[in-house]
Amino acid sequence: MKWFQKKNPDNLTPDGSPLSGQVHRVESPHTTTDDLLQRIESAGLPANILGTARDEYERLAKVDKSSPEYAIGYNYLEFILSLPWNISTKDVLDLQRAEDVLNTRHYGLGPVKERILEFLAVKNLHSRFQTKILLVDDELIARENLSLVFEREGFVVTTASNGLEGVTIMEQDPADIVVTDLKMECMDGLQLLEELRRRWPDTGVIMLTGYATVKTAVTAMRKGADQYLSKPVNLTKLRKYVLEILQNKQRTRALRGPVLCFTGPPGTGKTSIGHAIAEAMGRKFFRLSMAGLRDEAELRGHRRTYVGAMPGRILQGIQKAGVRNPVIMLDEMDKIIQDFQGDATSVLLELLDPEQNAFFSDHYLGLPFDLSGVLFIATANVVEHLPAPLRDRMEEIEFTSYTHKEKQEIATRFLIPNQLSRHGLKIDEVTILPEAVRSLIIDYTRESGLRGLEKQVASLCRKLARQILTDDETFVARVVNGADIPEIMGSPPHFTTTAQSTSKVGLATGLVWTEVGGEIIFVEAARMRGSKQLILTGSLGEVLRESAQTALSYIRSHAEQFGISPDFFESSDIHVHIPAGAVTKEGPSAGVTIAIALLSLLTGRPVHQNMAFTGEISLLGEILPVGGIREKIMAAARAGIRVIVLPEKCASAVRDLEVDVLEDMDIRLVSELEDAMKLALL
Ligand code: ADP
C-alpha cells in the first residue's frame, strides 16, 4: 500500500496535480450498472479490451453492491473506460513552426536545436511515406474498382492480373500490402502468397476469396496471409484490415527512430526544451520524475488483488493526458537505477522499445496498452550511470554549461520578464540594468545551469514587489543597477568554491567534473614524523586513491630531480586531504593536482593561488588527457581562477571551444609533471 503513503506523487503531471484521486474513485454502491454497460458498449474499445470489459461487467453484475469486491471491479472498469485507447493528437510536423517555437522559448543551444529539428524532419518524412498497394485479380472490373477506392484514400496503387505478373511488379517496386484474389491463371493466390512470404516477408497480404473457397482461405491464413475476405468485398472491412496492417508496419518503422536522451548539468534547459518539442509538435506533454523511484510497481502498478491497488505512473499519466501519443519525459533517468527493487533496466527497455511497448503491460490493467505512439525523451545528469543496453537504445544530446554571457542574455530575455509577470509586476514598472543582472550571476550564483539564477531573480522580484507596495503612493518606475543589488538582496552568499586568496605550501587547486557540471577542489598535503604511511582522507574513491599513490611514487623515484631529499619519506607520514568530506570524489583527473600539492609540500614552495590543474598522471610522470574540459574551464572562470594547466593532449578539445568560454583565460598545456611543476610553484 505504498501508494498512499507516498508524500509526493505530484511530479507526475505538468500542472502538478496528483492523479491518485482520479484513478481510485470509490463509487457509490448504488450507481447503476446498466449505465456502465452502455458506456462500455459505446466507448469504442478495441475488440480484445471490449471482451474483457464485458466479462468483468458480467462478473460485477452478480456481486453485492456493498461489497469491497464491487468497488474494486467498478473502479477497474472506470479505469478502462477512462484510458484513451483510440484518441491521439495529430502531429504538426512543420519544421519552420518547430524552429520558431524552439527559438522563442530558448536562447542559444544551437547544436541541440539542430539535432531536434533533424529528428522532427525524419519523423516528417516517415509520415509522408506513401503506402503502396498491389492489387492482383484476373477480373479487370474488380481491379479498377478497388484501385479507385484506394487511390482516393491516398495510396499508391499498382495492379496485376495474375500472381506471376504480381511477382514481376514486386521485383521492380515492392508494395507494402498485397491484396490478391485466390483463383487465377499462371500463378494463383496461394502460390503468390508463398512467394511473397519467401522473398518479401514484411509485406502485408490480404486474400480475397469466393464463398466456395473458404477452406482454401483458412489454408492461406495458415500459410501466413494477414487477413482474408470473401467476395463480394465488404469495403469497410477491407479498409479496416489495410489500416491494421499499416499500423503494425509503422510501429516497426518507428523502431528505427532512436529515443532522445538529453544529458547535462541541472538547469541547462533539458526539461523545458522537452516541453517546447511537445508544443512544436502539437502534442500533450507530461514529465515523469524517475528520481527516487523505488520499485517496479510504481511504473507498472499493483495487481488488482487488494483494495487500494492502483495503476502505475505511466498509465496514470496517459489517462491524465487523455491521448495515447503524448510526449513523456522520463526525467533524471540516471537517478532510478540504484536501490531499485526489481529490474529497472528491463522495465525501461520495454518502455523504450517500440516493438515491446506496443503491448505495455500494467499489472493493474492486466491488458496490453499500446504506447508505441508515445514520444519518449529521457534526461540524465550523468549518462555514464545508465546501463549499456539502455544507452544503446538512446541517442544522447549533450547540454553544456552556460557562459556568463549566455546567462546574461537568457536572464534578460526570458527569466526576468517571466518572473516579473509571475510576481504581478509590469515590464515598464521595473528595469533591471545589465550590471545588476551581471552581479546576480557572478556574486549570487555559482552554477552551470540557471536554476539558482532563476531563484535569485524571483527573490529580487518579490522584494521589489514589496517595496513598491509599501512605498508612498506616488509611483515611480524602478531602475535597479549593480550597486542596488546588495542593498536589496543582502550581502552575497559565501561560496566555498572560490579561489584561495593567498598561496600556501601544500595546497593546490584542481578542476573536476561532477554531475552538476565542473567544480574546483582543493588538495591539501601535510607531512609529519611517522613511518612511511600515505594517509588519504576526504571520501576518496578507489581510482583517486591510486592516483595519489602514483603521484607519491613518482616523486619518490625522482626526488633529486625535484630538489627533494631522496629519503624524505623514511621517517615521515604524508597526509593528503580533499575537503568537503561529505561528498564522495572519484576519477583520475585529480592526479596532477595531488602531485603538485605534494611537490609544493616537499619543496616548501607555495603554488600560485590563481592557477588550477586537471590531468591524470602516469607512474613515469607523464600527464594524460582527461574529459570535461569545457565544464572545467567554466568552473575555474566562475571561481575567479584565470590560469589553467591542462594536459597537452587536450589541445584539440580546447581548440573546439567557443571564444566566450576562453575569454580572459590563460590556458597552459603540459605533457610532463616536471613542466607543470615549473609553472605551478612560486
Ligand atoms: P533542466 O531540466 O536541465 O534541469 P530546466 O529545463 O528546468 O533545466 O531549466 C531551468 C530554467 O531555465 C527553466 O526556467 C528554463 O526555462 C530556463 N532555461 C534553461 N535554458 C534556457 C535557454 N536556453 N533559454 C531560455 N531559458 C532557459
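Quick note: residue numbers are just sequence positions, from 1.
Gln408 has its side chain within reach of Ile441: a pair of non-hydrogen atoms, C-beta onward, lies under 4.5 Å apart. Gln227 places none of its side-chain heavy atoms less than 4.5 Å from the side chain of Val205. Using a 4.5 Å cut-off on side-chain heavy atoms (C-beta onward), Glu41 and Leu37 make contact. No side-chain heavy atom of Leu450 sits under 4.5 Å from any side-chain heavy atom of Thr268. Val626 places a side-chain heavy atom less than 4.5 Å from the side chain of Lys632. In this structure the side chain of Pro389 never reaches within 4.5 angstrom of the side chain of Asp392, judged on heavy atoms. Annotation: side chain of Ile80 is not in contact with side chain of Glu56 (no heavy-atom distance under 4.5 Å). With a 4.5 Å cut-off on side-chain heavy atoms, Thr180 and Leu134 do not count as touching.
Ile314 and Phe286 get closest at one heavy-atom pair: O-CZ, 4.0 Å. When every heavy atom of Ser372 is checked against every heavy atom of Asn357, the shortest pair comes out as CA-OD1, 3.2 Å. The two residues Val383 and Cys261 make their nearest non-hydrogen contact at CG2-SG, 4.4 Å. Annotation for Lys407 and Ser448: closest pair CE-O, 3.9 Å, computed over non-hydrogen atoms. The nearest pair of heavy atoms linking Tyr402 to Gly449 is CD1-CA, 4.4 Å. Residues Pro46 and Trp85 approach most closely at CD-CB, 3.8 Å, considering heavy atoms.
Arg304 forms a cation-pi arrangement with Tyr76, by the criterion of a distance under 6.0 Å to the ring centre and an angle within 45° of the ring axis.
Side-chain atoms of Thr89 and Asn325 form a donor-acceptor pair, as typed in the model, at a separation below 3.5 Å. Side chains of Gln319 and Ser82: a donor-acceptor N/O pair is present below 3.5 angstrom, by distance only.
Counting only distance, with no hydrogens or angles, the side chain of Ser459 and the backbone of Lys455 share no donor-acceptor pair below 3.5 Å. With hydrogens and angles ignored, the 3.5 Å screen pairs no side-chain donor or acceptor of Gln419 with any backbone N or O of Ala458. Within the 3.5 Å criterion, the main-chain N or O of Tyr107 finds no donor-acceptor partner in the side chain of Glu409. Formation of a donor-acceptor pair under 3.5 Å by the Gln316 side chain with backbone atoms of Pro311 is found in this model. Without hydrogens or angle criteria, Asp331 side chain to Thr379 main chain gives no donor-acceptor distance under 3.5 Å. With Asn381 contributing its side chain and Gly264 its backbone, the two residues share a donor-acceptor pair below 3.5 Å. Remark: the backbone N or O of Ala280 is paired with a side-chain donor or acceptor of Arg97 at under 3.5 angstrom.
With values rounded to the nearest 0.5 angstrom, Leu146 atom CG is found 12.5 Å from Phe155 atom CZ. Residue Leu375 holds its CG atom at 4.5 Å from CZ of Phe119, rounded to the nearest 0.5 Å. Atom CE in Met290 sits 6.0 Å away from atom CE in Met333 (nearest 0.5 Å). Considering CE of Met221 and CE of Met207, their distance stands at 10.0 Å, rounded to 0.5 Å. Met170 contributes atom CE, which lies 9.5 Å from atom NZ of Lys132 (distance to the nearest 0.5 angstrom). The CG atom of Leu45 sits 9.5 Å away from atom OG1 of Thr52, with the distance rounded to the nearest 0.5 Å.
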Steps toward side-chain contact (heavy atoms from CB on, under 4.5 Å) verdict (Leu293, Leu299) | CA-CA 8 Å; Leu293 266 198; Leu299 284 176; 3.7 Å; yes

Please step through salt bridge (charged side-chain N to carboxylate O under 4.0 Å, His left out) for the pair Arg393 and Asp353, ending with a clear verdict.
-> CA-CA 8 Å; Arg393 269 293 308 132; Asp353 181 344; 5.1 Å; no

After noting the C-alpha distance and the side-chain angles of Leu102 and Leu109, does the key distance pass the side-chain contact (heavy atoms from CB on, under 4.5 Å) rule?
-> CA-CA 10 Å; Leu102 291 179; Leu109 295 175; over 6 Å; no

Start with the C-alpha distance between Ile318 and Val323, add both sets of side-chain angles, then the distance that settles side-chain contact (heavy atoms from CB on, under 4.5 Å), and finish with yes or no.
-> CA-CA 6 Å; Ile318 292 279; Val323 287; over 6 Å; no

Quick one: do Glu279 and Arg105 satisfy salt bridge (charged side-chain N to carboxylate O under 4.0 Å, His left out)? Show the steps, please.
-> CA-CA 10 Å; Glu279 192 187 327; Arg105 301 276 178 284; 2.6 Å; yes

Take Arg115 and Glu395, measure what salt bridge (charged side-chain N to carboxylate O under 4.0 Å, His left out) needs, and give me the verdict at the end.
-> CA-CA 10 Å; Arg115 182 60 198 89; Glu395 170 156 346; 2.4 Å; yes

Mind running salt bridge (charged side-chain N to carboxylate O under 4.0 Å, His left out) on Arg39 and Glu78 for me, showing each step along the way?
-> CA-CA 10 Å; Arg39 282 166 54 213; Glu78 280 288 354; 2.9 Å; yes

Yes or no on side-chain contact (heavy atoms from CB on, under 4.5 Å) for Glu99 and Lys113, after CA distance, side-chain angles and deciding distance?
-> CA-CA 8 Å; Glu99 193 173 347; Lys113 288 179 184 167; over 6 Å; no

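Between Phe79 and Tyr364, the ring planes lie perpendicular to each other; the angle is over 60°, past the 30° to 60° tilted range.
When the shell of 6.0 Å around CZ of Arg422 is examined, it contains 12 or fewer heavy atoms from other residues, nucleotides or ligands.
The one candidate from Ile277, Ile397, Leu330 that meets the side chain to side chain contact (heavy atoms under 4.5 Å, CB included) condition with Ile377 is Ile277.
Of the charged side-chain nitrogens involved, none lies within less than 4.0 Å of a carboxylate oxygen, so that Arg630 and Glu398 do not count as a salt-bridged pair. Taking the charged nitrogens against the carboxylate oxygens, Arg300 and Asp362 have no contact shorter than 4.0 Å, which rules out a salt bridge. Using a cutoff of 4.0 Å between basic side-chain nitrogens and carboxylate oxygens, Arg391 and Glu396 are scored as salt-bridged. Salt bridge Arg197/Asp226: present, at least one basic N to carboxylate O contact under 4.0 Å.
Phe360 has its ring centre no less than 6.0 Å from the ring centre of Phe369.
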